[in-house]
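Below is one structure, written out as structure tokens, with a few remarks after it.
Within every chain, numbering begins at 1; the chains are lettered A, B, ... in the order of the sequence lines, protein sequences first and strands thereafter. The model shown is predicted, which means the values in this text are computed figures rather than measured ones.
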There are 2 protein chains.
Amino acid sequence: MIRRLSQARERGIPEATVARLPLYLRALNGMAERGLATVSSEDLAVAAGVNSAKLRKDLSHLGSYGTRGVGYDVEYLIYQISRELGLTQDWAVAIVGVGNLGRALANYGGFVSRGFRVAALLDADPEVVGDHIAGLNVEHIDELEAVIKRRGVSIVVLATPAAAAQQVADRVIAAGVTSILNFAPVVLAVPEGVDIRKVDLSIELQILAFHEQRKTDRMTGGPAMAEEWPEAVDL
Amino acid sequence: MIRRLSQARERGIPEATVARLPLYLRALNGMAERGLATVSSEDLAVAAGVNSAKLRKDLSHLGSYGTRGVGYDVEYLIYQISRELGLTQDWAVAIVGVGNLGRALANYGGFVSRGFRVAALLDADPEVVGDHIAGLNVEHIDELEAVIKRRGVSIVVLATPAAAAQQVADRVIAAGVTSILNFAPVVLAVPEGVDIRKVDLSIELQILAFHEQRKTDRMTGGPAMAEEWPEAVDL
DNA sequence: GTCCCTTTGTGAACCGGTGCACAAAGTGGG
DNA sequence: CCCACTTTGTGCACCGGTTCACAAAGGGAC
């Protein structure tokens with residue numbers, strides 16, 4: 001029988017909460033560095049840029065780690081969030097595609113600091129295979145399955161051209177990887193049980209452009225008047 | 001009085017819809033290249049990786065651009081979405097911070113193709129100022145306000161170290177920019193009316209790690225047992 | 001021990017977004 | 001012209017997530 005912990009810590013933390021935990025963690029680390037021992041939900045919420053009720057509800061999903069009238073113990077909360085996110089273990093990450101972006105990712109400091117270790121760099125271009133980047137030797141894509149197995153890679157970052165992404169994804173999934181961070185501008189088709197997260201630089205800019213256009217429209221006059229589409233009426 | 005358009009095209013497209021429009025646009029461009037004249041909501045939905053009812057509802061927010069029994073005219077829909085997103089005009093983007101990431105962004109092809117033009121690169125490090133990257137001369141951060149004004153920059157991409165991001169943000173906002181894409185791992189404080197979008201590589205990985213941990217936990221046995229926290233009971 | 005102050009944890013209303021399911025609208029064949 | 005078929009556009013029920021507001025819990029002073 002499983003020992004019942006302090007309280008209702010069911011399996012199943014809301015996705016929206018999971019996405020904010022790293023934010024809280026970062027804020028807490030800053031506070032720990034500045035020597036704060038405890039922090040209130042209000043202060044932590046401000047530091048993380050969210051509302052304090054939301055923060056408390058988020059933390060309540062992990063357990064009851066605060067003290068009423070006092071706040072949260074910074075170190076203890078850091079430990080709890082880290083453990084929940086799985087950052088107390090070390091994750092081997094492989095980056096496939098060593099173009100400009102892949103290189104930037106390989107050199108990005110934010111990974112190492114959080115339990116992530118870039119364990120391999122792979123590329124199809126014989127020109128870059130053999131290069132040394134961020135202390136790693138770039139290996140040929142043919143080695144993909146072997147490298148994943150040998151180094152215990154469990155997360156793969158795709159920084160390949162769009163055309164190659166699906167086929168690389170298929171291979172890493174066949175090799176047993178179930179977590180992929182995709183920077184290629186394509187919608188990947190993956191089987192049930194594989195987690196994909198997508199980062200798309202151009203989409204982010206397009207969303208900004210939409211709002212920017214709205215703002216300047218509002219300045220200059222009526223909505224959607226200046227650039228009327230003439231053939232719209234005939235539809 | 002404003003001429004009433006075909007139908008209920010109120011100001012205010014749901015945020016979730018806006019975030020998907022670029023996805024549809026990309027899928028449509030692929031179809032246009034392959035010579036398709038029309039497409040059904042079902043086919044377009046599959047290509048964009050969403051459900052077809054959602055797609056139809058999204059498009060209905062722009063207007064009634066489909067033909068029942070037939071589908072959507074590919075070219076016409078591309079035009080409508082582009083116009084709605086503001087991609088029919090040309091946006092001057094400045095990238096601040098020319099480290100690994102800034103360089104990768106400057107060379108990223110996905111920007112230019114969509115009405116975005118990298119109009120300036122800026123950095124504080126005298127070592128990189130004067131370098132030529134992606135056909136542009138890297139300018140000193142002291143020139144920030146002048147460059148923004150002179151080149152009509154309306155969107156700024158922050159690729160600086162975390163410590164510098166807030167202060168650069170303050171300056172670009174003071175210079176009149178109201179749209180910022182932030183890659184620095186900090187929560188920026190900005191006044192009302194300024195749009196910030198944040199891309200955080202390390203957060204994405206942490207979310208993947210969370211799910212990956214869940215998956216492997218489920219394999220190996222009980223939830224959260226192997227790594228029990230011994231001091232939890234004393235709280 | 002009692003009272004007052006602070007801050008957590010959460011019930012409940014609310015809100016935006018999703019997906020089903022179907023009526024309305026259009027096409028094409030005979 | 002009419003009927004059978006296709007596909008859009010949307011009303012409605014549902015769901016996850018946010019926010020408010022407050023009771024419960026702990027700390028500290030006296």
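Taking the nucleotide of DNA chain C with the nearest heavy atom to each of A/G69 and A/A53, the more 5' of the two is matched to A/G69.
OP1 or OP2 of C/dT18 lies within a sub-4.0 Å distance of a side-chain N or O belonging to B/R20. The side chain of A/S41 contributes an N or O atom lying less than 4.0 Å from OP1 or OP2 of C/dT8. The side chain of B/Y72 contributes an N or O atom lying less than 4.0 Å from OP1 or OP2 of D/dG9. The shortest distance between the side-chain N/O atoms of A/S64 and the OP1/OP2 oxygens of C/dG9 is below 4.0 Å.
When rounded to the nearest whole Å, the span between CZ of A/R56 and C1' of C/dT7 equals 7 Å. With rounding to whole Å, A/L59 atom CG is found 16 Å from D/dG17 atom P. Taking atom CD on B/E42 and atom P on D/dG9, their separation rounds to 15 Å, with Å as the unit. The interatomic distance linking B/L62 (CG) with D/dT8 (P) rounds to 15 Å, in whole Å. As rounded to whole Å, 13 Å separates atom P of C/dT8 from atom OH of A/Y24. We find that CD1 of A/I13 is positioned 15 Å from C1' of D/dG17, with the value rounded to whole Å. Atom CG in A/D58 sits about 14 Å away from atom C1' in C/dT8, given to the nearest Å. One interatomic measurement links the two molecules: NZ of B/K54 to C1' of D/dC15, which rounds to 13 Å at whole-angstrom precision.
A donor-acceptor contact under 3.5 Å links the side chain of A/K57 to the base of D/dT19. For D/dT8, its base sits under 3.5 Å from the side chain of B/R68 at one donor and acceptor pair at least.
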side-chain hydrogen bond (donor to acceptor under 3.5 Å, both in side chains) evaluation trace for B/S179 with A/E212: CA-CA 7 Å; B/S179 295; A/E212 185 67 26; 2.4 Å; yes
Verdict with reasoning, B/Y76 to B/Q80, per side-chain hydrogen bond (donor to acceptor under 3.5 Å, both in side chains): CA-CA 6 Å; B/Y76 188 58; B/Q80 290 299 342; 3.2 Å; yes
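Residues A/E84 and B/R214 are paired through a salt bridge, judged by an N-O separation under 4.0 Å between the basic side chain and the carboxylate.
Counting heavy atoms from C-beta outward, A/T38 and A/T67 have side chains that stay 4.5 Å or more apart.
Which of D/dT19, C/dG19, D/dC22 sits closest to the side chain of A/N51 comes down to D/dT19. Closest to the A/E15 side chain, of the nucleotides D/dT19, D/dG17, C/dG9, is D/dG17.
Looking only at distances, a side-chain donor or acceptor of B/Q213 sits under 3.5 Å from a matching main-chain atom of A/R83.
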